[in-house]
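Here the structure comes first, spelled out in structure tokens, and everything after it is commentary.
We use all heavy atoms of the structure for the numbers below, so side chains are in, but hydrogens, waters and symmetry mates are not.
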There are 4 protein chains.
Amino acid sequence: MTVNLGVIGAGRIGKVHAENLVNRIPEARVTAIADVRLDVAQSLASTLNIPLVTADYRDVLASPDVDAVLVCSSTDTHSEIIEAAARAGKHIFAEKPIDLDLATIDRVLAAVEQAGVKFFVGFNRRFDPTYARVHEAIHSGMLGEVHLLHIISRDPSPPPIEYVRVSGGIFVDMMIHDFDMARFLVGSEVEEVYTRAAVRIDPRIGEAGDVDTAVVMLTFANGVIGTIDNSRQAVYGYDQRVEVLGSKGAASTGNVYPNQVTFSTASSICRDLPLNFFMERYTESYEREMRAFVKSIVEGTPPPVGPADGRIPVVMALAAKKSLLEGRPVKLSEI
Amino acid sequence: MTVNLGVIGAGRIGKVHAENLVNRIPEARVTAIADVRLDVAQSLASTLNIPLVTADYRDVLASPDVDAVLVCSSTDTHSEIIEAAARAGKHIFAEKPIDLDLATIDRVLAAVEQAGVKFFVGFNRRFDPTYARVHEAIHSGMLGEVHLLHIISRDPSPPPIEYVRVSGGIFVDMMIHDFDMARFLVGSEVEEVYTRAAVRIDPRIGEAGDVDTAVVMLTFANGVIGTIDNSRQAVYGYDQRVEVLGSKGAASTGNVYPNQVTFSTASSICRDLPLNFFMERYTESYEREMRAFVKSIVEGTPPPVGPADGRIPVVMALAAKKSLLEGRPVKLSEI
Amino acid sequence: MTVNLGVIGAGRIGKVHAENLVNRIPEARVTAIADVRLDVAQSLASTLNIPLVTADYRDVLASPDVDAVLVCSSTDTHSEIIEAAARAGKHIFAEKPIDLDLATIDRVLAAVEQAGVKFFVGFNRRFDPTYARVHEAIHSGMLGEVHLLHIISRDPSPPPIEYVRVSGGIFVDMMIHDFDMARFLVGSEVEEVYTRAAVRIDPRIGEAGDVDTAVVMLTFANGVIGTIDNSRQAVYGYDQRVEVLGSKGAASTGNVYPNQVTFSTASSICRDLPLNFFMERYTESYEREMRAFVKSIVEGTPPPVGPADGRIPVVMALAAKKSLLEGRPVKLSEI
Amino acid sequence: MTVNLGVIGAGRIGKVHAENLVNRIPEARVTAIADVRLDVAQSLASTLNIPLVTADYRDVLASPDVDAVLVCSSTDTHSEIIEAAARAGKHIFAEKPIDLDLATIDRVLAAVEQAGVKFFVGFNRRFDPTYARVHEAIHSGMLGEVHLLHIISRDPSPPPIEYVRVSGGIFVDMMIHDFDMARFLVGSEVEEVYTRAAVRIDPRIGEAGDVDTAVVMLTFANGVIGTIDNSRQAVYGYDQRVEVLGSKGAASTGNVYPNQVTFSTASSICRDLPLNFFMERYTESYEREMRAFVKSIVEGTPPPVGPADGRIPVVMALAAKKSLLEGRPVKLSEI
């Protein structure tokens with residue numbers, strides 16, 4: 001069986017998904033592409049031999065040659081497009097977040113449920129071989145009962161200030177991945193968060209109403225205690241790690257490097273910096289993610305990252321922000 | 001110049017200090033040893049050729065051949081002995097904690113100050129080559145401004161339940177080292193703590209009124225945010241690590257191993273477990289600590305770990321415990 | 001400019017090259033594919049949309065839609081096909097070795113030279129990011145003058161005995177890659193080899209006239225001394241490493257792993273085995289190799305791995321074998 | 001039982017042994033010390049409370065308070081002192097090499113055998129925890145049958161030229177440790193060596209008749225093939241490693257570092273250089289070596305490093321040198 005897919009949004013991540021679908025996933029065909037910047041869509045369509053090109057995503061939804069869509073447009077358009085896609089009966093892969101407003105998210109998810117289409121949220125890190133291996137170690141019982149979790153997630157440099165102004169802030173645009181990772185690894189829901197954060201890297205981030213350095217403590221329903229550490233700038237590059245302590249053992253992960261060379265010089269023993277940012281670091285995860293989406297359609301199985309996985313991390317982000325503003329632990333049930 | 005020292009308490013740690021003084025520190029002589037278990041004191045005195053042996057520490061304080069004392073007796077006797085030693089005009093090295101009661105600590109430290117003797121608190125980890133190197137990297141400016149700190153400190157197995165019942169609990173008997181390390185590394189005082197903790201390893205620890213798994217979030221006066229993670233049991237052994245993120249770079253530490261062999265077998269790439277507990281892991285720190293104590297007397301310089309360093313970690317421990325009990329962030333100024 | 005390529009041989013490595021050309025190299029088009037097993041060729045042609053499919057490689061050479069060919073057929077057919085391709089005026093990428101007979105190699109290379117076509121030999125490891133980084137470190141001068149080189153190259157398990165019988169033996173079918181790597185890294189030619197080898201893994205390998213464990217010492221014209229260690233079986237998997245000592249520093253490489261997880265259990269600190277064999281380990285090198293081949297055609301530059309690079313490692317292999325048989329150091333000039 | 005020891009030679013290594021005996025080995029007493037530089041002997045005697053001090057080693061041998069002697073004097077005096085000590089009925093610990101002349105070695109060992117005293121040769125690296133662990137892994141069968149061995153042994157910088165002129169050369173003064181290590185680990189004798197070497201670091205070393213960079217290939221009686229790589233200068237410090245491949249697995253060792261800190265900066269991920277030279281790197285081995293010597297006397301067991309272990313590495317060194325001079329593999333039976 002072949003799945004026909006329409007890609008909505010031909011920017012960086014849309015291009016990655018389209019290329020993976022066309023070049024590496026035999027069961028998939030990309031039959032349509034949309035982008036409000038028509039030339040961008042056309043360029044990608046030409047390279048990948050995509051027949052339908054349009055500036056209007058509704059053309060994609062109207063096409064009988066489209067079984068499923070990828071929502072890779074800007075965040076503020078996600079909810080509208082997802083709802084429309086659901087009404088059109090298309091299966092949906094949506095980049096996170098669905099929306100920043102919980103009421104909107106709930107409305108969108110209700111539409112999805114009513115339509116009975118598959119809904120897959122793009123938390124690609126779950127498909128990274130390293131994180132997937134930690135997940136497997138936990139869920140196979142190899143580590144015993146989990147007691148403690150630490151997530152470290154630092155960007156090589158801050159995004160543009162214009163982005164910070166509209167992104168919803170560090171908890172929504174950056175830590176949301178870590179909230180998902182925490183739930184994914186621990187296999188239990190967070191009940192309470194406590195946040196401490198500061199502007200340490202660039203005062204303009206503070207002026208834009210955000211923080212650039214944040215630590216959130218997480219308390220899970222199953223008793224696990226965790227922490228997430230985010231920084232907008234680690235000068236040595238993209239730092240993405242996790243540690244888990246369980247009753248039978250621990251797992252910890254390292255960064256991914258461009259090569260496996262160690263240099264010994266007169267001043268130090270050293271190696272090159274890790275892969276610099278998410279496009280390089282998570283290359284493999286994007287391919288495996290698309291494969292999982294296509295597979296869930298072909299085999300009729302539930303998406304491994306479903307509607308609730310799109311909603312809960314937003315709740316966690318809102319709770320983390322509230323905790324920061326009010327200087328107290330906040331229960332997720334308050335949101 | 002030679003310093004004559006009296007050792008009070010000939011148990012495990014008193015023995016380590018006495019041996020280091022006798023065998024490795026030429027400027028030091030151990031001239032007296034006291035232990036309520038006289039035979040224990042006699043045995044050590046015989047091995048190390050210590051002339052004065054007694055069951056009563058007051059004999060040590062009365063000896064004109066003693067310039068300084070090491071208080072290595074049980075915790076509940078620390079305050080009394082320190083006060084008496086100060087009144088006797090002896091310089092003092094005291095194992096931590098001074099006491100579990102702040103009023104008592106303050107009375108003891110007042111006596112020390114009035115006597116004008118040196119007072120050195122036994123936070124040996126400061127003298128460990130690995131932690132000392134991180135401290136140097138921070139304080140030389142190599143890492144820039146510090147933003148984030150994580151301390152991981154896990155024991156290989158829980159202490160006997162009888163110990164848990166009288167120790168004052170995990171924050172005082174175990175995390176106190178990490179509170180000191182946090183202050184030492186960051187070079188600023190903690191203003192607020194928030195604690196989440198649980199009984200995950202042994203229910204008898206809970207019955208004894210303690211927890212065995214704890215995470216404390218720290219907010220420092222200089223803006224650093226930190227976490228400390230303690231577990232009474234890491235099945236792979238003693239896990240003692242720290243991570244620091246600064247504006248110019250990061251430092252992270254690894255455990256210490258009994259050998260440098262990596263095995264490659266048909267099932268995994270592996271190495272032996274790390275050094276199992278503090279006596280092996282921190283061997284070098286104990287020697288360097290004694291050296292620093294003797295040096296501060298010989299050279300008339302202030303002890304690198306002074307009276308305030310004995311008091312503040314106890315305050316932090318009390319605040320961490322209060323935070324746990326009250327389920328809210330606690331400022332140190334509340335204690 | 002687009003380069004039209006014909007792939008001769010649709011087996012494992014032909015498939016890898018064809019897929020890389022079609023899916024990842026925009027300047028390349030695969031216009032023809034040949035395999036004596038016509039169904040194998042057809043299957044790949046169908047997946048990759050290759051228009052010309054044939055059982056006879058001469059059809060590929062006759063096609064005006066083919067600018068260059070990849071010779072990925074069995075080793076005993078290389079020389080004939082390369083010569084024919086040269087006469088047909090096609091640029092040539094040939095898997096190693098050109099042939100096992102030096103006179104044949106010389107005849108083939110003469111034909112290539114006369115035809116004036118590009119000739120690229122498939123020593124893919126030169127394009128592996130790790131080895132390329134070591135090469136860069138050496139040739140940038142970062143390591144100073146090179147003094148010593150060690151190459152370790154071990155397979156996870158021996159090939160089938162039928163393969164051993166016809167492959168030409170370990171020096172030609174396995175160590176040839178390391179001979180190329182030695183020349184590539186050191187940037188100088190080997191003058192003498194000395195070999196010690198044995199049958200340690202499977203007596204049937206000895207009965208087939210080969211060895212399974214071998215060490216060759218290399219003496220280079222520029223004074224570097226090197227060793228190569230080959231084993232047909234490292235039970236922990238594919239072990240591919242190199243060490244270089246220079247006057248200003250050293251470089252050493254590690255294996256590549258499927259994930260970056262370290263597990264700490266009650267018995268050891270461990271990680272999963274490295275990537276198991278060359279298809280996984282050298283994935284990236286194959287893509288980069290094809291990119292380099294296409295680029296040399298598009299830009300009209302000499303192939304980075306040219307005719308001499310196809311000949312000399314065979315000379316080294318013959319010398320290594322002679323050294324083993326005669327129990328003495330053998331100069332390459334003797335071959 | 002207490003063993004009374006006389007130390008002959010109060011230089012660097014004599015001092016290390018004396019301090020270990022006095023401070024860390026309760027069963028040992030150092031009762032005599034000799035050095036032709038009497039003041040050096042007196043200084044050490046004073047620090048360690050050694051009663052008999054003399055410039056003439058014969059006084060030590062004549063003392064009834066001496067059960068065993070340590071021969072730590074200059075190499076050219078070893079044979080004479082060992083013979084005299086044997087005649088005096090003292091157990092003997094001798095620093096390597098016994099002598100550079102085989103006939104002399106044989107005469108000395110005959111004297112030792114006739115006297116029936118214990119004879120222990122100072123190959124301290126056998127007692128290093130890392131090498132001892134590799135030995136244990138091999139001899140426990142964990143690695144299966146050994147196939148390949150590599151030893152890397154590089155000094156941080158060349159010794160003074162005056163030393164090179166009289167030392168006997170790199171094979172005798174430096175690689176002799178590696179020859180012993182090879183025999184120790186493999187548990188079989190070397191039958192043939194082949195050497196390639198060069199002067200790459202300092203031309204004055206060549207003028208003094210020596211080389212500074214050398215690789216020796218070893219063929220063992222049990223079929224193992226090995227290499228040893230020596231350099232007089234690794235700019236990054238003392239590099240001491242070994243790799244073993246066996247039928248069931250492999251072991252490889254890393255260097256020892258002054259701390260366990262990894263720094264991540266804007267330019268690289270790095271750590272401090274390894275411990276710089278043998279006094280720091282092998283500290284623990286010296287203590288364990290002395291402990292083993294004293295234990296063999298106390299318990300009446302054979303020394304773990306006996307007479308043959310003092311002779312064979314000299315034979316290997318002579319063979320390696322002969323191979324270099326004659327440009328051919330040399331069998332040890334030729335020496």
Side-chain angles (χ1 to χ4, degrees), chain A residues 143-152 154 191-202 211-220 222-237 239 241 243 245-252 254-255 273 323-324 326-329 331, chain B residues 143-152 154 191-202 211-220 222-237 239 241 243 245-252 254-255 273 323-324 326-329 331:
Chain A
L143 303 183
E145 279 191 353
V146 175
H147 295 172
L148 294 170
L149 167 76
H150 297 295
I151 296 177
I152 284 187
R154 301 165 182 168
E191 293 191 331
E192 183 212 277
V193 296
Y194 179 63
T195 307
R196 294 297 312 209
V199 179
R200 299 300 302 271
I201 293 157
D202 187 342
V211 292
D212 53 33
T213 302
V215 180
V216 174
M217 196 185 298
L218 309 170
T219 312
F220 291 80
N222 68 354
V224 169
I225 306 168
T227 68
I228 298 172
D229 140 349
N230 270 193
S231 170
R232 290 284 197 190
Q233 179 168 296
V235 294
Y236 50 90
D239 193 355
R241 287 173 294 134
E243 288 210 20
L245 174 68
S247 58
K248 292 187 185 166
S252 66
N255 285 314
L273 295 179
S323 170
L324 175 62
E326 304 185 4
R328 64 174 183 91
K331 296 212 178 304
Chain B
L143 303 183
E145 280 191 353
V146 175
H147 295 172
L148 294 169
L149 168 76
H150 297 295
I151 296 177
I152 283 186
R154 300 166 182 166
E191 294 190 331
E192 184 213 277
V193 297
Y194 180 63
T195 306
R196 294 298 312 211
V199 178
R200 300 301 302 272
I201 293 156
D202 187 341
V211 291
D212 53 32
T213 302
V215 180
V216 174
M217 196 186 300
L218 309 170
T219 312
F220 291 80
N222 69 352
V224 169
I225 306 168
T227 67
I228 297 173
D229 141 350
N230 269 192
S231 169
R232 291 286 196 189
Q233 180 168 295
V235 294
Y236 51 90
D239 192 356
R241 288 173 293 134
E243 288 210 20
L245 174 69
S247 58
K248 293 188 184 167
S252 66
N255 285 313
L273 295 179
S323 171
L324 176 62
E326 303 185 3
R328 65 173 181 91
K331 297 211 178 301

Quiz item: What part of B:Thr219 lies closer than 4.5 angstrom to a heavy atom of chain A: side chain, backbone, both or neither?
Solution: side chain
Quiz item: Most heavy-atom pairs under 4.5 angstrom with chain A, which of B:Ala234, B:Pro329, B:Ala214?
Solution: B:Pro329
Practice problem: Using the test side-chain hydrogen bond (donor to acceptor under 3.5 Å, both in side chains), find all partners of B:Tyr236 that sit at least two apart in sequence or belong to another chain. | Solution: B:Arg154, B:Asp239
Self-check item: Gap separating the CG atom of A:Leu148 from the CG atom of B:Asn230, nearest 0.5 angstrom
Solution: 9.5 Å
Quiz item: Rounded to the nearest 0.5 Å, how far does NE2 of B:His150 lie from OG1 of A:Thr227?
Solution: 5.5 Å
Exercise. Under the side-chain hydrogen bond (donor to acceptor under 3.5 Å, both in side chains) rule, collect the residues that match up with B:Glu326, sequence neighbours excluded.
Key: B:Lys322, B:Arg328
Quiz item: Just wondering, do B:His147 and A:Asp212 contact through their side chains at under 4.5 Å, heavy atoms?
Solution: no
Practice problem: Quick one: do B:Asp229 and A:Glu243 satisfy side-chain contact (heavy atoms from CB on, under 4.5 Å)? Show the steps, please. | Solution: CA-CA 11 Å; B:Asp229 141 350; A:Glu243 288 210 20; over 6 Å; no
Self-check item: Check: B:Arg200 side chain, A:Gly223 main-chain N or O, donor-acceptor pair, under 3.5 Å
Solution: yes
Quiz item: Any idea which heavy atoms bring B:Glu192 and A:Tyr194 closest together, and the distance?
Solution: OE2-OH, 2.6 Å
Quiz prompt | Residue part contacting chain A, namely of B:Val199, when any heavy atom lies under 4.5 Å | solution = neither
Quiz item: Could you give the distance from CG (B:Leu245) to CD1 (A:Ile152), rounded to the nearest 0.5 Å?
Solution: 8.5 Å
